[in-house]
Amino acid sequence: MKLKKTAACLMIACALLACGCSGRNAAFGVVDIKKVEAEAPAVKTIKEDLQKKAKELQDQMQKETEGKSREEAEKIVNDKRAQMQVASSEAQNKLKASLDTALAEVSKEKNLGAVLIKDAVPAGGVDITDEVIKKMK
C-alpha cells in the first residue's frame with residue numbers, strides 16, 4: 001500500500017534528520033505503523049471519506065455512461081478514474097500531514113532524537129505509538 005511506503009520513507013527521513021541534528025546518545029522513539037493505521041481516528045475518517053468519494057464517482061459514472069457510445073463512455077470512465085486518483089492523492093497527503101504533525105509533536109514532547117518504525121528495530125526505543133494515535137487529526 002502506498003501509505004506504508006510513504007510512512008516508511010517519512011520515518012527514515014525523520015530519523016536521518018534527527019540523527020544529524022542531535023548527539024549520538026540521543027533517545028529514539030519507535031512507532032507501530034500497523035497499529036496507527038488500524039486505530040487512528042484520522043486514518044478511519046480519511047478512508048471512509050475516500051470510500052464515499054469512490055462510491056459517488058462510480059454512481060455518477062454509471063448514470064453518465066448509460067446510452068452513450070463506446071468512445072463517449074470510455075472518456076467518462078477515464079475522467080472518473082482521474083478524479084478518483086486525485087481524491088486518493090489528496091487523502092494520502094492529508095494522512096501524511098496528520099502523521100507528520102503527530103510525530104513531530106510527540107518527538108518534541110519526549111525529546112527524542114529520532115523516530116523509527118517499530119518493526120525495523122529489534123530492541124530498544126521509546127514506544128510512542130499510542131501518543132501518535134491520540135495526536136493524529
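Here the structure is a predicted model, which is why all the values come from computation and not from measurement. Along the sequence shown, residues carry numbers from 1.
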Between [atom1] on residue [X] and [atom2] on residue [Y], distance to nearest 0.5 Å:
| X | Y | atom1 | atom2 | answer |
| --- | --- | --- | --- | --- |
| Glu90 | Asn93 | CD | CG | 8.0 Å |
| Leu57 | Lys52 | CG | NZ | 14.0 Å |
| Met136 | Glu37 | CE | CD | 9.0 Å |
| Ile46 | Gln92 | CD1 | CD | 10.5 Å |
| Thr45 | Leu95 | OG1 | CG | 10.5 Å |
| Thr129 | Ile33 | OG1 | CD1 | 7.5 Å |

If we only count heavy atoms from C-beta on, is the [X] to [Y] side-chain gap below 4.5 Å?
| X | Y | answer |
| --- | --- | --- |
| Asp49 | Lys53 | no |
| Arg70 | Lys75 | no |
| Ile128 | Leu103 | yes |
| Pro41 | Ile133 | yes |

ask   = Can you name the residues that form a salt bridge (Lys or Arg N to Asp or Glu O under 4.0 Å) with Lys94, not counting sequence neighbours?
value = none
ask   = Should Glu74 and Lys68 count as an ion pair when the cut-off is N to O under 4.0 Å?
value = no
message = Please determine whether a side-chain nitrogen of the Lys or Arg among Lys134 and Asp130 lies less than 4.0 Å from a carboxylate oxygen of the Asp or Glu.
response = no
key: Worked verdict on Leu99 versus Val132 for side-chain contact (heavy atoms from CB on, under 4.5 Å)   = CA-CA 8 Å; Leu99 182 61; Val132 169; 3.9 Å; yes
Let me have the donor-acceptor pairs involving side chains of residues 80-88, under 3.5 Å, with sequence neighbours excluded, atom names and distances please.
residue, atom, partner, partner atom, Å
Lys80, NZ, Gln60, OE1, 3.0
Lys80, NZ, Glu64, OE2, 3.4
Gln83, NE2, Asp79, OD2, 2.9

task = In sequence, state the C-alpha distance, the side-chain angles, and the governing distance for Asp59 and Lys55, and then conclude on salt bridge (Lys or Arg N to Asp or Glu O under 4.0 Å).
result = CA-CA 6 Å; Asp59 291 345; Lys55 175 79 171 117; 3.0 Å; yes
inquiry  = Check whether Glu72 reaches the backbone of Ser69 with its side chain - one donor and one acceptor, N or O, closer than 3.5 Å.
reply    = yes
task = Would you please test Asp100 and Lys96 for salt bridge (Lys or Arg N to Asp or Glu O under 4.0 Å) and show each step?
result = CA-CA 6 Å; Asp100 286 349; Lys96 183 182 179 304; 2.9 Å; yes
ask   = Any salt bridge (charged side-chain N to carboxylate O under 4.0 Å, His left out) pairs touching residues 117-128, not counting sequence neighbours?
value = Lys34-Asp119, Lys118-Asp127
request  = Report the C-alpha distance between Glu131 and Lys110 in whole Å, list the side-chain angles of each, state the deciding distance to 0.1 Å, and finish with yes or no for salt bridge (Lys or Arg N to Asp or Glu O under 4.0 Å).
outcome  = CA-CA 10 Å; Glu131 289 91 341; Lys110 297 212 175 253; 3.3 Å; yes
request  = With side-chain contact (heavy atoms from CB on, under 4.5 Å) as the test, would you mind laying out the steps for Val126 and Phe28 before giving the verdict?
outcome  = CA-CA 6 Å; Val126 177; Phe28 68 94; over 6 Å; no
